[in-house]
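To start, the structure under review is shown below, and the notes come after it.
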Amino acid sequence: MSNRKERSKIGACCLFNVRKKNTTNTCTETTEESIQESIQESIQESIQKNIQESIPESFYITGCEALSNGFYVVDSLNKRLAVLNRSGVHLKDIVQFTSIPLDVCYIKSRNITAVTIPTDHMVVFVDTKERKIVESVVYRLKCYYIKCNSYNLFIGCPNNGKIIVADLFGRELGYLNIPGDRFAVTDDSIYAINEKEDLVLCYDIQGNQRWIAPDIVRDPIGIEVDVHGYVYVFSKHNTVHLISPNGFRNRIVLDGSDGLDDHEYMMCKPDPPKDVRIAVIGNTTIISWTIPTKQGITYSRIYLKNSTDDDVYFTSGTTYSHYIDIQSPKSSTVIPNLERCSKYIVRIQCLNKIQEIIEVSDFTTHTFWVTNNIFKTNINENIVLLWTTNMTEFYSVLPPSNSSVIYEVKASSIQNSSKVGKYIFDQTTTNLTVINITVTHVNETDAGLYTAVKDGIVDGCCLLIVTNKPLKPTLMSLSEHPFVGDNITFACKAIHVQTWPEGYMTPILTYHFVGNPRGEIDNNQLTIQTLTKLDKGQAISCRYTDEYGEVSNMSDTITLDPYYGPENVVPEPGYTHFNVTEGTLLGPINCTATCNPECTYIWKHEEKVGRFNRYLSMQPLTIPDIKRNQTGNFRCRIDYPYANTYERTDITVNVQYSPEIKETCLFDDQSQCNRLNTTNNFNFSEDVNVSLLLRIDSNPDPKVMLNSSFLAIQNSTKGNGYIEYIYILPHLKCEDSGEFTIRAINGIAKWRYQKVNLTILCKPRNVTTESRKIETKVGSAENIVMYVVSSPLPTVEWCRVTWFDWIVNTDIYDYRYEIMSEIQVRSELDFVYTDIWNTTTIHTHEIKTGSVMHVTLDQLKPDTSYEVMVLSTNIHGNRNASLEFKTKAYRHQTTQGKQTAARILKQSSSVLLNPESRKNDATSSTHEDHSIVHVVPDTSNHREIPTDEGGLAYMASIRKGE
């Protein structure tokens, strides 16, 4: 008998789903026989796959349409249209109906599904994507089955023997006089079966008969057709017949050996009843059975035949029938007054009724005898039979075969007529109403009814039931790969328990499971709910006991080993971020997961954002001589093929390398660096702020050293494969000019450097001489040497007319120059000033060394540079000295009023003043009053020590002590 928990009826309700398959080979020459062989292989694969699938137990499917990845099914019991996948798993409900639906057809061109509702005479059109009813069409006849091709709908009305033809929108076009029960359609043909007359018929699309195939299929119950016109007919005898498109040739392509052992199940019929038991109490016979659950069984029907194969009729009120119907859920009936010691055959079937369509199961058939005296034994054992009779004279005790007599009673004594040694009884007993015999070495022919008979009339009997000795059962797991969290079911299967006499009830077996601390037992099945890892290693075995108390041996054991995984996915080493130096070895890095059985591992590299490409096929992850472009995410994918699931974990690999200075730019305007820089020489003025831009390819970020000093990063951006750094350099002067070395270091073994030449432009300044006093004689030569800070090279000229040239040489620094001129002193006239000098002549009779002369310089302008030359003359000759100064304004009130004066302390006799209107670079305030300038000349005859800016700093230092 079938077990709906173990198998699916998807394949049968859709029949074979072969119309989707193209089974011919157009590349080679084919014959009809070769096509049929190819189709046979294809249909075997399709049917056997569908048989192994399972669907939810709560479904009762009456209509089914195959999709590319699943099925639309009509569940009449729950009034719904649902979707199942190819494994029979319930994915979702599409719509719920108020009335009972029956059949379904998918209209591909409209992407709409049509469902029949027989009680409402209606076809309902369902938008399966939106999961709603979009239209309903009512017809005059009850609509049961529905098929469609590319152009029309065909609606079967079996009560009227017609098929309604409609367009794909349900608009009725006409009728065809074709039985509308089991039929199939193509674009140009209609195929049907006649179950009563064993006919297979083919019609054109207008209903004209093309061919008929009589007596090819016995008891046909289903039909389908493929795209080539080959017809598949399913029979009640568990066979599938293939008929050629013209109806002339046929062959059986599947039978019970291919897995088709239950035609009822395949055709969505209910299962037959099981566990039929018959008990006789006096003149009353009680028959009971078990009704299959969740199959919509509405009632059970019972037939009874006597030993002469005549029907036993039942009366119910005024009704007289050869069967009785028992309304579900009742599953027993009492039959009174059956003839004692007589043989009867009972047949019981289950029926369900969907609308007016009645589906019936096969019969469950049992033979029984009306007696209370039942004995049971095993093959080759001895059994004592004991019963009574009302007879005391002239009767015989007969074995089941009635071919011989065990003994006869005559003249109040037992006459031995049996085979010697087969039957043992007491010949001396005087109680002839008690029959007591022992059957030795029982075999199957000894099973049956033993009777006491006189003149053909039975008065007293007993029934001997013979079975084979219980064998070791087979324990099997109904779950191929049980997983942690799943339920697992074991089935304990008895090995061919035989019972004689033939046709008698098979003993009811009680099953016992050993090694299971928990779980539920249902008949011969043990279900352990929610497996855990702790169940691993648990040994399960079983045995059974029949209703007579016989116990079988213990089965072989099955050790639980539940599957699980992948779990606890972690990388080893146990962190997810790895730093590695370019050119070295990455790894080995493993990712581990808890799996049973083992998982498979695949490493992938993220070459684009979100896109991982296969990198290594197995673990561990090892990359020798890793490159910087391999920086990024690596993903370990753990596949668990037993559950078609996977997990994954990501690690980040940071490939580090020494810095490389790609480009260097010094600028005061960053736009100067937008173009590619090809030089390492840069010129800037002192009055600008200079920034340094470096474009560095480095990982990690580098530290930058400029002349061995770290610079603070002011800004950094990344792009085009490098890091851009901007540094604001300190205020630079001419003295900072020179070659700079830029080093970038980041801790990686190699470091890079780059040199740049930086020139800072400035006005000439800081003029210094070796001496400010020169003593020389006429006719001699004197070298005048001065030093100046300037960039670029300054030009030098005398402030008087002379023919001596100046020579300018670069000092040890690019920004400092040596200015040199050799003069020939031939006469005093060689140094006659040609400039305009204001001259004041002072006469004095003070000849004492150190005497002081006062000269007042008035009308001096503020913030103006002046040069003063003092020429001293006496009888011995003359000497001169000079100084430069610059006026600076400040407020000073005197008793004489506002005036500008300068006191010249010198022993000179004449003062020459030459104003030089050279404004200082620094800004100073202008005042209405005059400035007082204090000038203290050096009266020493020695050469002067070099000073800065014409001695102004020295003058300022003595100002307060004037």
Side-chain angles (χ1 to χ4, degrees), residues 8-53 64-66 145 147 149 178-179 181-205 209-269:
S8 165
K9 54 188 175 184
I10 289 178
C13 292
C14 295
L15 208 49
F16 319 134
N17 189 26
V18 291
R19 70 176 83 190
K20 309 272 185 196
K21 295 181 177 289
N22 186 344
T23 54
T24 60
N25 184 350
T26 57
C27 298
T28 58
E29 183 179 356
T30 58
T31 64
E32 186 171 314
E33 184 175 355
S34 66
I35 291 175
Q36 290 187 0
E37 290 177 354
S38 175
I39 290 174
Q40 179 173 354
E41 295 177 0
S42 175
I43 193 65
Q44 283 176 341
E45 179 183 356
S46 177
I47 285 288
Q48 289 172 347
K49 181 178 185 298
N50 283 325
I51 288 173
Q52 295 170 359
E53 294 166 345
C64 172
E65 181 75 8
Y145 301 100
K147 303 288 183 181
N149 60 17
I178 300 174
D181 189 358
R182 307 289 183 184
F183 66 97
V185 300
T186 63
D187 282 349
D188 58 2
S189 300
I190 302 173
Y191 302 86
I193 58 174
N194 185 320
E195 297 182 35
K196 295 181 179 180
E197 300 181 14
D198 295 343
L199 299 178
V200 180
L201 306 102
C202 176
Y203 304 86
D204 62 22
I205 212 68
Q209 184 175 304
R210 284 181 169 172
W211 52 261
I212 182 172
D215 301 324
I216 292 179
V217 182
R218 186 164 61 92
D219 298 323
I221 55 176
I223 189 169
E224 251 307 349
V225 63
D226 67 15
V227 293
H228 303 291
Y230 283 87
V231 182
Y232 304 83
V233 182
F234 198 77
S235 82
K236 189 179 294 187
H237 305 285
N238 304 324
T239 57
V240 175
H241 296 254
L242 176 65
I243 302 176
S244 63
N246 57 16
F248 293 158
R249 296 174 60 87
N250 73 90
R251 66 189 299 175
I252 295 176
V253 293
L254 286 178
D255 56 23
S257 63
D258 299 302
L260 300 182
D261 57 353
D262 187 358
H263 73 274
E264 283 188 2
Y265 183 74
M266 293 298 292
M267 294 312 300
C268 308
K269 293 185 177 183

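When a residue number appears, it is its place in the shown sequence, counting from 1.
Among residues two or more places apart in sequence or in another chain, the side-chain contact (heavy atoms from CB on, under 4.5 Å) test is passed with Asp198 by Asp215, Arg218, Asp219, Pro220. Partners of Leu201 under the side-chain contact (heavy atoms from CB on, under 4.5 Å) rule, at least two apart in sequence or in another chain, are Asn194, Leu199, Tyr203, Gln209, Ile212.
Nearest approach of Ile178 to Ala192, heavy atoms of both residues: CG2-CB, 4.1 Å. Residue Ile193 comes nearest to Gly222 through the heavy atom pair CD1-N, 3.6 Å, listed as atom of the first residue, atom of the second, then distance. The two residues Ile190 and Ile205 come nearest to each other via the heavy atoms CG1-CD1, 4.3 Å. The two atoms that bring Tyr191 and Cys202 nearest to each other are CE2-SG, 3.5 Å, heavy atoms only. When all heavy atoms are compared, the tightest approach of Trp211 to Ser244 is CZ2-O, 4.2 Å.
Between the NZ atom of Lys147 and the CD atom of Glu65 there is a distance of 7.5 Å, given to the nearest 0.5 Å. Going from atom CD1 of Ile252 over to atom OG of Ser235 covers 7.5 Å, rounded to the nearest 0.5 Å. Rounding to the nearest 0.5 Å places CG of Asn149 at 9.0 Å from CG of Asp188.
Side-chain atoms of Phe234 and Glu224, non-hydrogen and from C-beta on, never get closer than 4.5 Å to each other.
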Report task. Determine, stepwise, if the pair Leu242 / Tyr232 fulfils side chain to side chain contact (heavy atoms under 4.5 Å, CB included). Result -> CA-CA 5 Å; Leu242 176 65; Tyr232 304 83; 3.5 Å; yes
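The residue from Val231, Val217, Ile223, Val200 that alone fulfils the side chain to side chain contact (heavy atoms under 4.5 Å, CB included) condition with His241 is Val217.
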